[in-house]
Amino acid sequence: MRSIYKITVLCFVLTSCVNSHKDNTRTSVEIERTEDRITTLKREIVSKSEFYDAEFLLFNVNGFANSKVTSIPGPSSWDYRFAIKVEPSEVKNWITDFTKIDTKEYTYDWTNDLVVHRNQNWERKSVPEVYKIEGSNVFIIVYKKEGILFKRVLGE
């Protein structure tokens with residue numbers, strides 16, 4: 001009887017491990033239509049205003065709400081990286097509760113990697129400003145004149 005229990009548990013654990021990695025990443029790379037990228041991202045983030053373009057690379061170890069993951073949830077770990085274009089006047093809505101930090105305190109090399117496949121949509125000429133929520137791993141890089149925001153949320 002014990003061996004049947006052990007085999008059942010082992011099968012469940014192995015199946016859970018395989019399934020848990022199926023749908024834990026969302027990326028915009030292969031989504032051609034701007035409207036589809038926006039719709040997909042809006043399902044995964046809290047939006048502070050309308051936005052008019054989006055690129056993203058979202059990782060959630062537990063998968064996403066509409067995925068078919070059938071495993072037992074484990075410890076949370078996520079890395080959400082996204083770029084959005086908003087009206088420049090709307091930038092203030094996205095940085096509420098954030099504190100401006102020195103750009104030398106944060107590396108934002110990942111921003112270029114996020115938009116490289118459609119770089120022409122993300123031309124940035126102004127000097128970026130970096131903001132952080134105190135006591136967290138949530139950062140926003142803002143190009144105010146262009147209305148371009150890059151946000152990264154790291155969680156464990």
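Positions are given from 1, in the same order as the sequence printed here.
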Show your reasoning for whether side-chain hydrogen bond (donor to acceptor under 3.5 Å, both in side chains) applies to E50 and Y52.
CA-CA 7 Å; E50 289 301 313; Y52 307 101; over 6 Å; no

Counting C-beta onward and ignoring hydrogens, is there a side-chain heavy-atom pair between F56 and R26 closer than 4.5 Å?
yes

Does F139 have R152 sitting over its ring (NZ/CZ under 6.0 Å from centre, angle to axis within 45°)?
no

Is the shortest side-chain heavy-atom distance between K151 and V138 below 4.5 Å?
yes

For the backbone of N121 and the side chain of K85, can you confirm whether one donor and one acceptor N or O come within less than 3.5 Å of each other?
yes

Exercise: do R37 and T40 side chains pair donor with acceptor under 3.5 Å:
no

Do V115 and T111 have side-chain heavy atoms sitting under 4.5 Å apart?
no

Take I95 and V142 through the test side-chain contact (heavy atoms from CB on, under 4.5 Å) and record every step on the way to the result.
CA-CA 9 Å; I95 57 175; V142 176; 3.8 Å; yes

State whether the side chain of T96 and the backbone N or O of K92 hold a donor-acceptor pair below 3.5 Å, judged by distance alone.
yes

Check K125 with E123, please: is the shortest side-chain N to carboxylate O separation under 4.0 Å?
yes

Would you please classify the geometry between the W122 ring and the F150 ring as parallel, tilted or perpendicular, with 30° and 60° separating the classes?
tilted

Q120 CD: over 12 foreign heavy atoms closer than 6.0 Å
yes

Any chance NZ of K132 has more than 12 other-residue heavy atoms, nucleotides or ligands included, within less than 6.0 Å?
yes

Could you check whether atom NZ of K100 has more than 12 heavy atoms from other residues, nucleotides or ligands sitting under 6.0 Å from it?
no

Criterion side-chain hydrogen bond (donor to acceptor under 3.5 Å, both in side chains) on S126 and E146, from CA distance to verdict
CA-CA 8 Å; S126 61; E146 295 89 345; 2.5 Å; yes

Does a sphere of radius 6.0 Å around CG in D102 hold more than 12 heavy atoms from other residues, nucleotides or ligands, not counting ones at 6.0 Å or beyond?
yes

Stepwise side-chain contact (heavy atoms from CB on, under 4.5 Å) check, R124 with K145:
CA-CA 9 Å; R124 304 171 303 271; K145 194 164 49 168; over 6 Å; no

